[in-house]
Structure formats: structure tokens, C-alpha cells
Amino acid sequence: MIARKPTTTPSETSALAAMSQIRQPLWIFDIDRSRVHWANTSAMEIWSATSLEELKARDMAKDMSAAVRNRLLQYQDDFESQPGTSFCETWTLYPANQPRSLQVLFSGYRLADGRMAMLCESLGVHHADPDNLRSAEALTYTSVMITLYHADGYALYRNPASRAAAPESGLVHRQRFLFPSEYDELVTNVERSGEGRVVTKIRTSRGDRWHELTARKCRDAVTGHVAWLVSEVDVNDLKTSEARAQYLAHHDTLTGLPNRSSVARRFQERLAEIDRRGGRATLVHIDLDHFKNVNDTLGHAVGDELLVHVASRLRQVLRGEDLLARLGGDEFLVLAAGTEGGDHAATLADSLMGALAPTTFVGDTHVRVTPTMGISLFPRDGRDIETLMRHADMAMFRAKTNGRNGVAFFTSDLDEKIRSRVKLENDLRVAIDEGQFEVHYQPRVDSRTNQVCGAESLVRWNHPRRGMVLPGEFIAVCEESGLIGTLGAFVLEQAARQQSAWKAQGHDLAISVNLSPRQLADPRLIETIEEIVARTECDPRRLELEITESVLLGNDDKTTHLLKALRAMGFSISIDDFGTGYSNLAYLEKYPIDGLKIDRAFVAALDRASPIADLIVTMCQMLKLKTVAEGVETDEQLRWLREKGCYEYQGFLFSPAVPAKTFERFLKPPTITVVERA
Ligand code: C2E
Ligand code: MG
Ligand code: MG
């Protein structure tokens, strides 16, 4: 409000002249300007003023606290909005720095220029004892809202803070509660124990706000009637930040879906509801296949955008009452009540699959993600959410083993299978720690001379009880659990060491090592290999890295870079088990590849005159790739290979993989074998 210079009109002059006659101290306080506008003689005495002019000249704002200032502005509003309002309070003035406590009645006074000022009427000097005075002051200035309510809910007294917070319309206490049931509960507690406390939403002059409210039963000191003394503290900011923290704690900020921590409670509650109705339900654990590739190749921003799309597509095929949560990463969880008739779970899985089937446009590319889903059924597979989640997870594991982009249901035998898989994983960790792995070497033989020209290093698990365990039993688990990183590095280091050692003995052998897709995806692979080369002083030109066709799927610049980097270090690259994977011939030209290993299935098929091995050998010759035949078991197979111009083979016909010491028997006397690179 802009304070204009106060003027005194003739009618005001006569009003003031009349008030001058009154013996009771009276003064008018200009709230906007924080100055006395007028005072009668008795008031001037109270203020120890030498003259009216001197009193009017005093700047009261100087010693005025913000609390008093706000309170005066509140009074000004009250006088404007509720004409005739007056308040009586004990006020302590400090004329000449001496405290003087007065009982003062305040009411609105319209100045000649139209502004609202305050007429102050002293009802006498207050002679209360100092403690009372101080408590009255405290009551006046505190930000705690203190109200004395009549038993029927009308306010008998409000301190200034309470008055400021009360909405304009004179609501009874219960009407101030946004949730009246909380008021009723408070009443019950106060009736029972004399006191009650609640944190609840209250209608206030500043809108609906969170108040912490303590109510105590007492008596009105004036009438002696039963009353309620209520003190309230505004905890709105605290409560909103708490609510935000709660929301954040229970929601995934990216998709806005409930997160893992809220699943336990919300999903369990829904399950209990379904149970009460005697219903059935389906829990679906959804995992996006190879989502990591999206993050790695297109960046995290695109990955995030894709997750948001996935969440909304899943939501679209669900009914309103079905629950959807994001468990973290690329995992989602759905709980849907079963419907009567039909196979609800299978239908649900179909529609979830269907929802994700179309490609999504994110960043500036079309991306397709396929889900793998594990399903458990309530109540058949479990009665509580933890069990159902565990079982859906196991089903998911089965779906992944079946080759992803599919659905699997939990069955009781899975439990046992998973248990043994978990045990296997633990045993493998121990095996790595305790050095139970060793590397065997299968001779690679020149089909023309029958001389050993190299070796493939194949890992073996020398199990303390079971003896020698073959990789078929554990490589996949190592791959899935990430243990392959450590194991693969171990095998490579052993092979590199062996290459060095044989070289020193005069045997120049090319040694091949299998690299798993997970190893190739490890950003530290090059670094790890460099360290191994440095440590073992091997010759990388005599080491061959065998990769699988799956690694070459898709047009991946990263793979090209990686393979080029490995080749730049001297390694040669060959594709293992060729013909069993995707066999996209285009990548044979696209990627830097030195050779192929024909899968033993085709070699075995030679006995049935398979044209595929023929085709592969011819193709390799055209592309000038070195060809190695795997799994050669018969002389006929060897003869055929030789005739076809495939000059290198491995197989039981010559020898299975054996320990290095045994292998050396094939080498004596030392020979220098020259392996031609195609
Ligand atoms: P692979 O790389 O294709 O290795 C050839 C497999 O064929 C070996 O099985 C070998 O013992 C077997 N084999 C060789 N000649 C014959 C034959 O004449 N007849 C038959 N029936 N089989 C023959 P192994 O050692 O059991 O290894 C199986 C697979 O495990 C390997 O196939 C390879 O994919 C993987 N593997 C072995 N060691 C490692 C390793 O250190 N790292 C990784 N990532 N994978 C490994
Ligand atoms: Mg191999
Ligand atoms: Mg192979």
C-alpha cells in the first residue's frame, strides 16, 4: 500500500476535538507510516511526549519487530474486511525506554485520505505480575497459533498468529479440517486421555496447509465452561518436502511408475484384495532383451526415452486396476487380477508382447526392443508377493535360457533347477578363487603333413570331487554371471604364457583362444589383453582369437573398431562354429576376419555327403580366408578335407584336448612349423 501524506479534514478535526475531551488515553496509529497520527493529552502522558508534534515525529518503525509489523498489517486487513472488529490485548510500550504495560482496545479508524488506521484505547495500566506480562507478550508474538475453543467448536480466543491463519468465514473447528474424520479421531483421543495430537490438512487464510495440532481439554477462565486449548504449528513446508521425499522414495523418476521399494507394499495390498474376493492373479516379470546395447550404442538419453515409451506402452494394454512398476534398469513388473474364463495369463502375456512389438522412434532412430517375460500365478505359485516375485524371476530365467523374446511360466521343478544353478555359480566363484581351472590344448593339424601346427586352448574345471568338468557345463553360467571376464583372462594368459614357453623350446605354434561375447563387450578388454601380452612376452601374431557369429550381428562400428584394434596388436581373428549361427555372409567382407572354423556338425555331415561343408570351404577359398575344420573323427573326413583344399583340422582323430605336458609329446623332436596365413 502506498502511504499518501495524511491530511486532516474538517469533519475529522471535529471528531478529534471530541476525542480530546475523553480522559481515557486515546491515540490513532497510522499503520502504513508507523507513526502516531493523533493522540489525546492522556495518551501523550503515557507516551511521555512533550508535545503532539514531538510524538507524531517519532518513527515507531525503528524499534518494531517484523512480527509486530505483520500483526499490525493483519489488523489493518481485519478492520477493512470485518468492519466493527476490535481486539483487546495487553501491550507493552516503551516510552523513553521504560516498559509500560497497558490493556489496549484496538479498532479500525478511517483516515481522511481513505486509508485504514488503528484507534487505540487504553483501558488502564496493567498491573499483572511480570511472569504474566511476559507470557502475554509471548502469546502475542509467537508464530504458534493458539486458540481457545468452546466445546461446540467456536473460537473464544485466538492469539494473533491464530487469527492471521483463520480463514475469513467463521468456521467451527471441525469445518477447518480437510478430513473431518481426523477431527473426530482427535475428539475421541481428547475425550479419552484429555489430550490429542494430529498432523493434518487445515483450511487457512493461506489455503489448505499441513498443521501439527495439539488439543488439550481445559476450562474457559472467564465462564468456567469446558473448553479446548489448541496450539497449531504450520508444518506445510516440512510435510511437502517429506511428501516429495516419500514420492521419490517410492517412484521411479524417469517413468513415474512405482519403484521396487513400493512394490512390496502396494502389490501385496492388491494381492490381499484379490484374495478376499477369492480371485486369481498373474504376476509378470518383464525384462528387455539386450537393453544394454541400446545404452551403449545410442547413448543413455535414448535409452531413457525408450524406457519411458516402454512404460507407457505397457500401461496402455493394462486395465486401470492392474499394477505396473519399474523394478530398475530394464525390468518391469505387472500384477493383474485374473478374469473369469479363458487363460488370462497367456492372454495378458500376448498383449504385453504385442504392446512392445512395433518399433519405437527415439532420438532419431527406430528402435525395437523385445521383452522376455517370466510369469507366476496367484495363488498356485505363491500367496505372497515375495514368493511370487521369486518364482516369476525363475520363470524369467527359464525364458532367457530358451532364447529370450519369449514367455515362460513358473513350474515347481524350476525351483530345484535354479537352486542348483545358484549353487553352480557359487562353486564357480570358489573354483576361480582356488585356482581349480586349467587349460588343455587340442592339436591343430596340417591335413597334408599330419604335423601339429597349432593348438586350441580349451578350459577345464578340475573339480575337487567330480574330476575334470567340460566347459559345456559352466561356460554359459560364467557368461551370464559375468565370471567369464576373470576366467577368459585367465585362459588367455595361460595360452599366451604357453605360446612363449613353446616358442622358447623351438616350437612355433599358433595358439587359438576362445573369446566370449561378454568379454568382447567389456570396455577394458584391450587394456586387459595389452597387460597380458606385456606380462607373458608372447607373440600376438601367433595367437588367434576365436569369436562367435553372434558378436558380428548388426552393423556395429564398435565391433569393427575393436577387431581392428586387436588385429593392429598382431592377433588374428577367426569365427568359431561357423555355420551354426546366423551365417550372414555379408559380415565376412564387412569385418576384419582372418579365418573360419567349420562347425563339427558339418564335418560330421560329410559322411552323408553334405553340400554345406563343400560350400563353406569353396566360399572361404574365394574370400581368401583360412579354414579350419573342427571335430574331425574319421579318415574319410580328413581325406575329403584334404581333397577340398582345407588344410587345417582339429578332431579326436588326431587327439582331444590334453594338458600341455601331454601335448608336448606331439611336438618332439622340436620342429619349426610355418603356418601360412591366407
Ligand atoms: P569350441 O571352441 O568349438 O571348441 C571345440 C570343442 O569341440 C571342444 O569342446 C573340443 O573338445 C570339442 N572337440 C574337438 N574335437 C572333437 C571331435 O572330434 N569330436 C567331438 N565330438 N568334439 C570335439 P570343449 O572343450 O568341451 O569346449 C566346448 C566349448 O566351450 C568350446 O567350443 C568353446 O565354445 C567353449 N570354451 C572352451 N574353452 C573356452 C574358454 O576358455 N573360453 C570361452 N569363452 N569358451 C570356451
Ligand atoms: Mg573354439
Ligand atoms: Mg568351435
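Both ligands and their constituent atoms are indexed starting at 1 by order of listing. Just so you know, residue 1 is the first one in the sequence shown, and it goes up from there.
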Colleague: Would you mind finding which of V491, V469, V632 brings a heavy atom closest to atom 41 (O) of ligand 1?
Modeller: V491
Colleague: Is R429 salt-bridged to D433, cutoff N-O under 4.0 Å?
Modeller: no
Colleague: What atoms in ligand 1 come closer than 4.0 Å to a heavy atom of S516?
Modeller: 44 (N)
Colleague: Show your working on salt bridge (Lys or Arg N to Asp or Glu O under 4.0 Å) between R390 and E386 and close with a plain yes or no.
Modeller: CA-CA 6 Å; R390 195 157 40 81; E386 276 107 79; over 6 Å; no
Colleague: Hey, is I475 touching ligand 1 through its side chain, its backbone, both or neither, going by heavy atoms under 4.0 Å?
Modeller: side chain
Colleague: Would one find more than 12 heavy atoms of other residues, nucleotides or ligands at under 6.0 Å from atom CD of E537?
Modeller: no
Colleague: Starting from the Mg ion (ligand 2), look over the N/O/S atoms of E456 and name the nearest one.
Modeller: OE2
Colleague: Closest non-hydrogen protein atom to atom 1 (P) of ligand 1, residue and atom name please, with distance?
Modeller: D576 OD2, 3.7 Å
Colleague: Among K597, E544, E546, which residue satisfies the side chain to side chain donor-acceptor pair (under 3.5 Å) criterion with S574?
Modeller: E544
Colleague: Looking just at side-chain N and O atoms, do T411 and R398 make a donor-acceptor pair shorter than 3.5 Å?
Modeller: yes
Colleague: What protein heavy atom sits nearest atom 15 (N) of ligand 1, and how far away is it?
Modeller: Q442 NE2, 2.9 Å
Colleague: Would T372 and D287 count as having a side-chain donor-acceptor pair, cut-off 3.5 Å?
Modeller: no
Colleague: Looking at atom 9 (O) of ligand 1, is any protein heavy atom nearer than 4.0 Å to it?
Modeller: no
Colleague: Under 4.0 angstrom from atom 32 (O) of ligand 1, is there any protein heavy atom?
Modeller: no
Colleague: State the atom name: nearest N, O or S atom of E630 to the Mg ion (ligand 3).
Modeller: OE2
Colleague: My understanding is that we take every heavy atom of each candidate and find the minimum distance to atom 19 (N) of ligand 1. Doing that for R600, E630, E633, K597, which one comes out nearest?
Modeller: E633
Colleague: Check each heavy atom of A657 against ligand 1 and say whether those closer than 4.0 Å belong to the side chain, the backbone, both or neither.
Modeller: neither
Colleague: Output yes if S512 passes the N/O/S-under-2.8 Å test against the Mg ion (ligand 2); output no otherwise.
Modeller: no
Colleague: Strictly under 2.8 Å, is the Mg ion (ligand 3) approached by any N, O or S atom of D576?
Modeller: yes
Colleague: Hey, is the main chain of A357 close enough, under 3.5 Å, to the side chain of R368 for a donor-acceptor pair?
Modeller: yes
Colleague: Just give me the atom name: the N, O or S atom of D577 closest to the Mg ion (ligand 3).
Modeller: OD1
Colleague: Name whichever N, O or S atom of E546 ends up nearest to the Mg ion (ligand 2).
Modeller: OE1
Colleague: Of all the non-hydrogen atoms in the protein, which one sits nearest to atom 16 (C) of ligand 1, and at what distance?
Modeller: F652 CE2, 3.3 Å
Colleague: Just go through E456, H440, R460, Q650 and tell me whose heavy atom is the nearest to atom 11 (O) of ligand 1.
Modeller: R460
Colleague: Quick one: which of P471, A601, G472 has a heavy atom closest to atom 37 (C) of ligand 1?
Modeller: P471
Colleague: Give the single entry among L653, N514, D577, V513 that approaches atom 3 (O) of ligand 1 most closely by any heavy atom.
Modeller: D577
Colleague: Report yes or no: does R326 contribute a side-chain atom to a donor-acceptor pair with the main-chain N or O of L254 at less than 3.5 Å?
Modeller: no
Colleague: Does a donor on one side chain sit under 3.5 Å from an acceptor on the other, for H440 and E438?
Modeller: yes
Colleague: Is the backbone N or O of S447 less than 3.5 Å from a side-chain atom of R642, with the two atoms forming a donor-acceptor pair by type?
Modeller: yes
Colleague: Do F267 and F378 have their ring centres less than 6.0 Å from each other?
Modeller: no
Colleague: Which residue holds the protein heavy atom closest to atom 38 (N) of ligand 1, what is that atom called, and what is the gap in Å?
Modeller: V459 N, 3.2 Å
Colleague: So, are D635 and R639 salt-bridged, with charged N and O less than 4.0 Å apart?
Modeller: no
